[in-house]
Number of protein chains: 2
Amino acid sequence: MAYRRSKRIEAKLADNRTQILQAARRLVSEGGWPEAQMAAIAAAANLATGTVYRYFSSKAELFAEVLASVSQREVDVIQGVAESGGPAKQRLADAVVAFTTRALRGRRLAYALIAEPCDPEIDQARLVYRRAIGEKLQRIIADGVTTGEFPAQDPRVAASCVVGAMMEALVGPLAPESIQLKAGSQDFVSEIVRFCLRAVTAPESRPRPDLALRVLKGGRTKPSLKGGKRE
Amino acid sequence: MAYRRSKRIEAKLADNRTQILQAARRLVSEGGWPEAQMAAIAAAANLATGTVYRYFSSKAELFAEVLASVSQREVDVIQGVAESGGPAKQRLADAVVAFTTRALRGRRLAYALIAEPCDPEIDQARLVYRRAIGEKLQRIIADGVTTGEFPAQDPRVAASCVVGAMMEALVGPLAPESIQLKAGSQDFVSEIVRFCLRAVTAPESRPRPDLALRVLKGGRTKPSLKGGKRE
DNA sequence: ACAAATAATGAATCATTATTCAATATTGAA
DNA sequence: TTCAATATTGAATAATGATTCATTATTTGT
């Protein structure tokens with residue numbers, strides 16, 4: 001044998017890997033998915049295109065890792081909030097504020113992660129982001145339900161709903177073409193927070209939870225509503 | 001001149017157009033985006049690939065129209081509900097039930113429309129779907145706010161949130177790999193409905209709406225929460 | 001029936017990028 | 001210094017599927 005990885009090389013390899021990840025992240029953050037091409041990433045990391053493939057077997061895998069690390073950061077933030085003690089309501093509010101505020105701050109990246117059209121393989125990987133956030137919220141909600149602070153509800157559904165609500169509300173304001181004023185963003189955030197708080201913490205408004213099932217029980221939900229077209 | 005479109009031909013052209021739209025719709029409904037390729041659509045419409053381009057200038061345009069018509073149908077349903085009179089709360093509940101129930105019924109199509117990874121151009125077109133639903137909900141919510149039935153809130157934000165909540169909650173159950181039991185679907189729907197109703201109709205829980213702004217006012221939202229990594 | 005105009009055809013082309021790989025450079029033990 | 005192993009390079013390739021277009025078929029007024 002005549003070659004054996006030395007510490008120095010090992011370090012360089014690790015560094016290359018990091019450079020690639022950072023370059024990838026930077027490019028999406030700046031220009032979204034169109035800029036995040038393998039060749040561009042390689043160049044930004046001062047490597048040849050082919051070299052990237054010695055570290056990541058595909059673009060999808062590379063971005064799976066980028067997304068995982070971004071999610072992890074968000075999760076850490078929310079985790080910090082979740083562990084901060086105090087009433088679940090407060091923690092939920094803080095988590096929503098933290099998430100939306102951070103998204104609005106890192107607009108381009110958040111847009112890419114949440115709403116920007118992208119290739120299917122990457123879209124797939126994006127799910128980890130939503131899921132990760134959802135899981136943390138679920139814990140806070142489950143907490144509140146257990147202590148009786150929140151009304152009875154399925155924390156999994158509620159957490160999904162909160163994630164969806166936050167993200168959908170952000171889509172417009174995050175879009176690169178929307179010239180968002182920093183001014184209004186506080187009101188905007190607090191609007192979202194209030195929505196989520198009401199949704200999770202309000203007691204059942206009436207003791208008739210089956211009221212909403214009227215339509216379901218009515219049979220076909222697709223009755224000709226206005227003599228409209230058929231299927 | 002020796003040729004002028006006759007009624008008969010005009011009708012055939014219109015029919016071809018319809019066939020294409022229906023074929024496109026059918027293919028997504030059955031197999032999702034992977035099946036919805038131009039060649040397959042043409043074949044399903046008994047036409048040659050190239051012919052499709054005499055009717056639609058691109059795949060994106062074709063699907064823009066398919067999506068618009070599907071959205072229109074949903075909007076009609078919700079519209080029917082919205083016009084049904086009665087308290088806004090009831091109408092909102094009915095709208096959410098109608099939407100989620102219908103989605104669960106036309107699972108594959110709903111999945112393609114809401115969550116399935118797809119090409120960027122089509123993803124773009126998918127927005128009309130969300131937007132269309134959102135606009136109708138917005139009207140119901142604005143109604144409720146005006147009449148004082150709902151607490152003060154920005155109907156645009158609330159509508160986005162409801163759309164997001166419904167759709168995100170549906171993602172899991174709609175996924176083709178999830179073997180959803182018809183049994184549980186009622187509970188599931190009603191869980192979503194209750195979430196949305198609480199969110200929109202509950203009175204502000206406390207007269208301190210700025211409570212949730214703690215984190216915002218605290219300055220950096222990204223304080224090293226656990227001695228964590230840097231940017 | 002004929003010809004000009006319009007439609008339809010579908011195999012070939014194009015465009016886009018991720019991915020590969022033969023060639024080259026670097027590394028470290030002997 | 002040498003050489004086998006490993007790492008890098010980036011131009012060439014591959015794969016996918018939308019789109020084109022030269023050719024063929026239909027249509028209708030004369």
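In what follows, every chain begins at residue 1, and chains take the letters A, B, ... in the order their sequences are listed.
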Candidate pair B:D123 and B:R126, rule salt bridge (Lys or Arg N to Asp or Glu O under 4.0 Å), full reasoning: CA-CA 5 Å; B:D123 202 357; B:R126 258 193 319 198; 3.2 Å; yes

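For B:R5 and C:dT6, the shortest distance from a side-chain N or O to OP1 or OP2 is not below 4.0 Å. Applying the 4.0 Å criterion to OP1 and OP2 of D:dA7, one finds that A:R54 has a side-chain N or O inside that range. Residue A:R8 places at least one side-chain N or O closer than 4.0 Å to OP1 or OP2 of C:dG28. At the phosphate of D:dA7, neither OP1 nor OP2 sits under 4.0 Å from any side-chain N or O atom of A:N16.
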Atom pairs and distances, side-chain donor-acceptor, residues 32-47 of chain B, under 3.5 Å, sequence neighbours left out:
unit_1 : atom_1 : unit_2 : atom_2 : d
B:W33  : NE1    : B:A112 : O      : 3.0

Sequence neighbours excluded and cut-off under 3.5 Å, please list the side-chain donor-acceptor pairs for residues 171-178 of chain A, or say none.
unit_1 : atom_1 : unit_2 : atom_2 : d
A:S178 : OG     : A:P173 : O      : 3.2

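Checked options B:R131, B:R102, B:K136; the residue passing with B:E74 is B:R102 (criterion: salt bridge (Lys or Arg N to Asp or Glu O under 4.0 Å)).
For the pair A:I122 CD1 and C:dT17 P, the computed distance is 12 Å after rounding to whole Å. Separating the CZ atom of A:F56 from the P atom of C:dT19 is a distance of 13 Å, rounded to the nearest angstrom.
A side-chain hydrogen bond (donor to acceptor under 3.5 Å, both in side chains) check over residues 162-173 of chain A, counting only residues at least two apart or in different chains, returns the pairs A:E168-B:R130. Residues in residues 107-118 of chain A take part in these side-chain hydrogen bond (donor to acceptor under 3.5 Å, both in side chains) pairs, two or more places apart or across chains: A:R108-A:E116.
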Contact letters for nucleotides 18-23 of chain D, in which S counts primed atoms plus P, OP1 and OP2 and B counts the base, heavy atoms under 4.0 Å: SBB---

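Side-chain contact check for B:R194 and B:S190: at least one donor-acceptor pair (N or O, by modelled atom type) lies under 3.5 Å.
Nearest to the side-chain atoms of A:L13 among the listed nucleotides C:dA29, D:dT8, C:dT6 stands D:dT8.
Taken from SG in A:C161 to CG in A:L137, the straight-line distance is 11.5 Å, to the nearest 0.5 Å. In this structure, A:I114 CD1 and A:L109 CG are separated by 9.0 Å, a value rounded to the nearest 0.5 Å.
In this structure, A:Y55 reaches the sugar-phosphate backbone alone: every heavy-atom distance under 4.0 Å involves primed, P, OP1 or OP2 atoms, never a base.
Using a 4.0 Å cutoff on non-hydrogen atoms, the parts of residues 40-48 of chain B near DNA chain C are B:L47, B:A48, ordered by number.
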